[in-house]
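Written out below as structure tokens is the structure these notes cover.
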Amino acid sequence: MARKKTKAQVVEDLVKKIKDWADDAVNHTTVWASHQVKWHKLRMRIKKKKTFPFPGCSNIRMPTLEIKIRKLKAALVNVIFGIRPVVQVIPTPSGNWESARKIEKFLDHLIMDVIRLKPKAIIAIDQELEKGFYLLKPYWRTEITTRVEELTLDDISLDEAIWLFSVDRTIDEVVQALVDRLQVDTHPLVAKENYTELERIAEEILSGATEVKVELQDVLYNFPDVDLCEPERVYVSTDTGYDPQTAQFIIHEFFLPLDTLKQNAKHKGWDIKAVNSIEAKKDIDLSKQIDRTKDEREGIERLKSAEGLVKIWECYCWYDINNDGVKEKCVITIAPDFDKVLRKITLPFYSGKYPFVKLFYELIDDRWFSHRGIPELIEDIVKEIDIQHMQKIDSQTIRNAPMFLYRAGMVNPKVTQFIFGQGIPVQGMQPLDDIIKPLNANNPNVEYSYEREQMLLEAKIEELIGQIDFTLQSMINSCLLYTSDAADEGLGV
């Protein structure tokens with residue numbers, strides 16, 4: 001008969017299982033992660049040094065991707081937040097519209113003024129268009145702070161002092177007076193601690209203390225909120241479908257200050273022993289290549305954190321939490337750097353669904369990573385536009401600084417050459433004009449050719465994305481080419 005595992009062995013096995021899931025997810029998506037860095041560099045126009053076809057040649061990236069993403073982002077944000085209220089409530093046949101309108105106003109206030117969802121939605125839509133998909137995680141946010149108040153006899157009036165030190169005064173009456181004077185938060189999350197503190201202070205006052213110090217807790221935030229989840233920090237099995245609800249497990253990686261862990265242990269049921277055993281981390285994990293790329297683009301260095309950030313993995317999965325042989329939907333929170341389980345509970349939502357909302361630009365297959373963003377969709381066209389534009393500039397550079405010939409040993413090229421031009425010595429007495437003409441030959445219609453090709457490519461982007469570019473036709477109308485004969489006749493060709 002197999003020996004029953006101890007609690008420590010169960011925790012060890014659970015942490016190992018979640019780590020194995022995450023490691024497999026990372027190892028199987030390295031190519032996808034490198035592609036995300038590639039798309040980000042392409043959008044941000046981060047480029048390598050270019051020396052072909054000649055040193056000092058054009059190395060310009062057109063903001064094609066940024067323009068398309070911004071136009072689409074503005075359109076999508078306007079669809080969601082363009083009209084207030086941002087939600088619509090339809091009552092049941094037995095309900096009434098007045099109640100529905102009140103609910104609409106309340107939800108609109110909660111979403112726009114309390115949660116302040118709009119900035120987060122703008123970020124999520126932007127990243128969805130760049131990466132192909134993005135995730136949002138709704139959760140219940142709680143913030144509690146401690147304030148210290150000092151009271152002395154000089155702070156109260158004579159009438160208040162007479163009332164306070166009456167022989168008939170009770171502790172409960174003093175506590176109620178302190179609640180009114182200090183505007184004590186009586187929220188259920190902190191009411192017990194605050195009343196215990198006030199009772200201690202009341203006893204000190206009635207015992208003759210002339211100066212007391214009160215430590216009270218206030219609930220700053222106790223509402224729903226939304227967390228932004230980067231796809232690079234959400235680990236799933238590679239055979240997962242596009243819908244988060246079909247995943248066998250979803251691991252969300254994020255960082256929390258050690259003080260927040262202690263607050264969660266106090267108010268959300270996290271394991272206080274595990275929290276106490278965790279030492280504060282001294283810096284932020286920068287192992288993600290995309291993070292380093294963003295830092296380089298912004299021109300910053302991430303400083304070491306004095307807050308003691310701890311890496312947290314929140315795993316939503318199927319797990320036999322009560323050892324009855326049947327797996328339940330659970331949420332398991334661990335600190336992977338310390339092999340500690342901070343929380344292990346069944347999924348605490350009435351819907352029974354994982355708390356993830358996936359935004360994606362396109363749906364082409366039932367696969368988690370199948371969604372393509374704008375950079376991946378139009379990469380070839382963007383690069384071709386850049387090449388066309390650079391060739392156009394290089395052509396102008398060559399025509400503005402033509403090459404010339406000189407007699408070897410007879411002419412000093414340092415004195416006669418053009419700026420950025422190049423002198424080529426020619427041996428013999430053959431006519432120089434016959435030699436230089438092929439070198440400086442150019443097509444007089446090349447400018448128009450570049451313009452037409454670029455507009456053709458932008459038209460293809462418009463077709464592919466489905467976002468109408470109203471400036472494109474005006475550009476076409478303004479780029480009519482006139483030959484010398486047609487110009488004399490007043491006809492456009």
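Numbers here are sequence positions counted from 1.
Using a cut-off of 4.0 Å between Lys/Arg side-chain N and Asp/Glu carboxylate O, Asp13 and Lys17 are scored as not salt-bridged. Remark: Glu203 does not engage Arg200 in a salt bridge, criterion side-chain N to carboxylate O under 4.0 Å. A salt bridge between Lys68 and Glu462 is absent, with no side-chain N of the basic residue lying under 4.0 Å from a carboxylate O of the acidic one. For Arg43 and Glu66, the salt-bridge test passes: some basic side-chain N is under 4.0 Å from an acidic carboxylate O. Ion pairing between Asp225 and Lys120 holds under the 4.0 Å rule for side-chain N and carboxylate O. Salt-bridge check for Lys38 with Glu379: passed, with a basic side-chain N closer than 4.0 Å to an acidic carboxylate O. With respect to Asp108 and Arg84, a salt bridge is recorded, a charged nitrogen being found less than 4.0 Å from a carboxylate O. Checked for salt-bridge contact, Asp218 and Arg147 meet the test: a charged N lies under 4.0 Å from a carboxylate O. Between Glu104 and Lys102 there is no salt bridge, since no side-chain N of the basic residue sits under 4.0 Å from a carboxylate O of the acidic one.
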- Tell me, with the steps shown, if Leu309 and Leu256 meet side-chain contact (heavy atoms from CB on, under 4.5 Å). CA-CA 5 Å; Leu309 291 177; Leu256 289 178; 6.0 Å; no
- Query: Is there a side-chain contact (heavy atoms from CB on, under 4.5 Å) between Cys317 and Ile332 once you walk through the steps?
  - Reply: CA-CA 8 Å; Cys317 62; Ile332 303 169; 4.0 Å; yes
- Just do the side-chain contact (heavy atoms from CB on, under 4.5 Å) check on Thr170 and Leu206 with the steps written out, would you? CA-CA 9 Å; Thr170 63; Leu206 294 179; over 6 Å; no
- Item | Trace of the side-chain contact (heavy atoms from CB on, under 4.5 Å) decision for Asn222 with Val219 | CA-CA 7 Å; Asn222 189 46; Val219 177; 3.7 Å; yes
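Atom CD1 of Ile374 is separated from atom CG of Asp126 by 11.0 Å, given to the nearest 0.5 angstrom. To the nearest 0.5 Å, atoms CD1 (Ile250) and OG (Ser237) are separated by 11.0 Å. Separation of atoms CZ (Arg169) and CH2 (Trp163) is listed at 4.5 Å; rounding is to 0.5 Å. Atom CG of Leu258 sits about 5.0 Å away from atom NZ of Lys262, to the nearest 0.5 Å. Rounding to the nearest 0.5 angstrom, the gap separating the CG atom in Leu178 from the CD atom in Glu199 is 11.0 Å. Taken to the nearest 0.5 Å, the CD1 atom of Ile156 stands 8.0 Å off from the CD1 atom of Ile205.
For Phe369 and His371, the distance between ring centers is not under 6.0 angstrom.
Taking the side chain as every heavy atom from C-beta outward, Pro231 and Phe133 approach each other to under 4.5 Å. Side-chain contact between Glu149 and Glu215 is absent, with no heavy-atom pair separated by less than 4.5 Å. In this structure, Ile334 and Cys315 have side chains that are not in contact, with every pair of non-hydrogen atoms separated by 4.5 Å or more.
Using the six-membered ring where Trp is involved, Phe223 and Tyr221 have ring planes that are perpendicular, over 60° apart on the 30 and 60° scheme.
Scanning all heavy atoms of the two residues, the minimum distance from Leu228 to His252 falls at O-NE2, 4.5 Å. Considering every non-hydrogen atom in both Glu362 and Ser370, the closest pair reads OE2-O, 4.2 Å.
Within the 3.5 Å criterion, the main-chain N or O of Val15 finds no donor-acceptor partner in the side chain of Lys340.
At a cut-off of 3.5 Å, with distance as the only test, a side-chain donor of Asp155 or Thr152 sits close to an acceptor on the other residue. In the model, Glu130 has a side-chain atom that pairs as donor or acceptor with a side-chain atom of His40 under 3.5 Å. Residues Tyr316 and Glu314 bring a donor and an acceptor atom of their side chains to less than 3.5 Å of each other. Looking at Tyr235 and Glu253, their side chains do bring a donor and an acceptor atom within 3.5 Å of each other.
Just one of Tyr319, Trp313, Trp21 meets the ring-ring contact (aromatic ring centres under 6.0 Å, His included) condition when paired with Phe249; it is Trp21.
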